[in-house]
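Reading through the structure tokens given below for one structure.
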Protein chains: 2
Amino acid sequence: MTNATRPDDLERQVAARLAERDARFTQSRRHVVRFLDTADGPISASGLHAGLDGAVPLSSLYRTLSVLEEAGILAREHDADGTARYELAEWLTGHHHHLVCVRCGAIEDVEIDAEAETEMTGLVARIAARRGFSATGHRIDIEGRCPACRSQ
Amino acid sequence: MTNATRPDDLERQVAARLAERDARFTQSRRHVVRFLDTADGPISASGLHAGLDGAVPLSSLYRTLSVLEEAGILAREHDADGTARYELAEWLTGHHHHLVCVRCGAIEDVEIDAEAETEMTGLVARIAARRGFSATGHRIDIEGRCPACRSQ
DNA sequence: TTCCTTGCAAACGATTTGCATTGGA
DNA sequence: TCCAATGCAAATCGTTTGCAAGGAA
């Protein structure tokens, strides 16, 4: 998923968010943010490690990821294997859902129609309320076979 | 979530499915199936271990869980912490979604209206097709605060 | 009896942390 | 300068596996 605004804005927003927390916008953090900005779905720590060509050692990478996550800059989730995957938080990229290939495990971002999204939000609030929950959001994973895996 | 049919039917179906695979319906497997049948959401291995009062040692429990999962009797997913949680597969319980408390991590099963479900299925197929995916299913997590966590 | 299943202990792999060193504001 | 951030190595923790003993068909 691509940043919703100009490239510079993304880094400016991230820098500001980090500054609020007295955290520095260091090389590793910048590398991670830039890499995730070009990704089209959530990436694992080892995927990032490889994608950054080993520039950031794994232990430092994990520390970087947890700082960015705690600052609300990244969102973490877990794929079917239980491996953590990270992506830019929705206030930076816009609300979206995931297309998950049940065969190869690939995950891609997708957006759904605004009206469908509005309906979902209403539906979700109603269902939650029925159980005494106050809804704060929702997550939809569309499971299927990706183009490559469709042909077996 | 409660079994959709008579209690006996659940165990009969599980036994049959295991038999097809030349696997036995042993004590541990029966314990796990019974416990999950009374649960109202997916449970972790350690939750089961505790729930079964240590009757099944963890290593055996993990083996039990993977046999049942591979037989299609259980579905595995991962919670926000990345811990695996198990529940009876949907062909045994019916299609449903999850209500997830963003504060305490509790997960409860919920069903949504049949019409909403039908709409979702259509929407999902459309979105998937647009990306060259063939949709096989969908998963919705409703995030919110549970009754206990609502009051902080 | 025949294998599948179990249980213990050791092995694994993803993630985390202690500690001395480095680097950014 | 000064404290946050880094990198290495060791420690965790959930989960998996080797192997000998036990149990269901």
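It should be emphasised that the depicted structure is a prediction, and the values quoted were computed from it without experimental measurement. Residue numbering restarts at 1 for every chain, and letters A, B, ... go by the order of the sequence lines.
For the pair A:T93/A:L10, no side-chain contact is recorded, criterion being any heavy-atom separation below 4.5 Å from C-beta on.
Along DNA chain D, the nucleotide nearest B:Q27 and the nucleotide nearest B:R76 are compared for position; the residue whose nucleotide lies closer to the 5' end is B:R76. Heavy-atom nearest nucleotides on DNA chain D were determined for B:G82 and for A:R29, and the one closer to the 5' end corresponds to A:R29. With DNA chain C read from its 5' end, the first of the two nearest nucleotides for B:S59 and B:R24 is the one closest to B:R24. The nearest heavy atom of DNA chain C to B:D22 and to A:T26 marks one nucleotide each, and the one closer to the 5' end goes with B:D22.
Residue A:R63 places a side-chain atom within donor-acceptor reach of the base of C:dG18, judged by atom type and a 3.5 Å distance cut-off alone.
Of the options A:E143, A:E87, A:R139, a side-chain hydrogen bond (donor to acceptor under 3.5 Å, both in side chains) to A:H98 is made by A:E87 and by none of the others.
Classification of the B:H138-B:H95 ring pair by plane angle, with boundaries at 30° and 60°, yields perpendicular.
Atom P of nucleotide C:dG13 and atom NE2 of B:H78 are separated by 17 Å, given to the nearest angstrom. Between the CD atom of A:E69 and the C1' atom of C:dT15 there is a distance of 13 Å, given to the nearest Å. Nucleotide C:dC12 holds its C1' atom 13 Å from the OH atom of B:Y62, rounded to whole Å. Rounded to whole Å, atom P of C:dT15 lies 11 Å from atom CG of A:D81. Going from atom NE2 of A:H49 over to atom C1' of C:dT15 covers 14 Å, rounded to whole Å. The interatomic distance linking B:F25 (CZ) with C:dC4 (P) rounds to 19 Å, in whole Å. Regarding A:L74, its CG atom lies at a distance of 16 Å from the C1' atom of C:dT15, rounded to whole Å.
Backbone-only engagement by A:S28 is indicated by non-hydrogen atom pairs under 4.0 Å involving sugar-phosphate atoms exclusively.
For the pair A:L61 and A:H49, the tightest heavy-atom approach, listed with the atom from each and the gap, is CD2-N, 3.6 Å.
For A:R30 and A:F25, the positive end sits near the middle of the six-membered ring, less than 6.0 Å away and at most 45° from its axis.
Applying the side-chain contact (heavy atoms from CB on, under 4.5 Å) criterion to A:A116, with sequence neighbours excluded, gives A:I112, A:D113, B:L123.
A salt bridge does not link B:D37 to B:R34: none of the charged side-chain nitrogens sits closer than 4.0 Å to a carboxylate oxygen.
Protein chain B contacts DNA chain D over a range whose 5' and 3' limits, counting nucleotides with an atom under 4.0 angstrom from a non-hydrogen atom, are D:dG14 to D:dA24.
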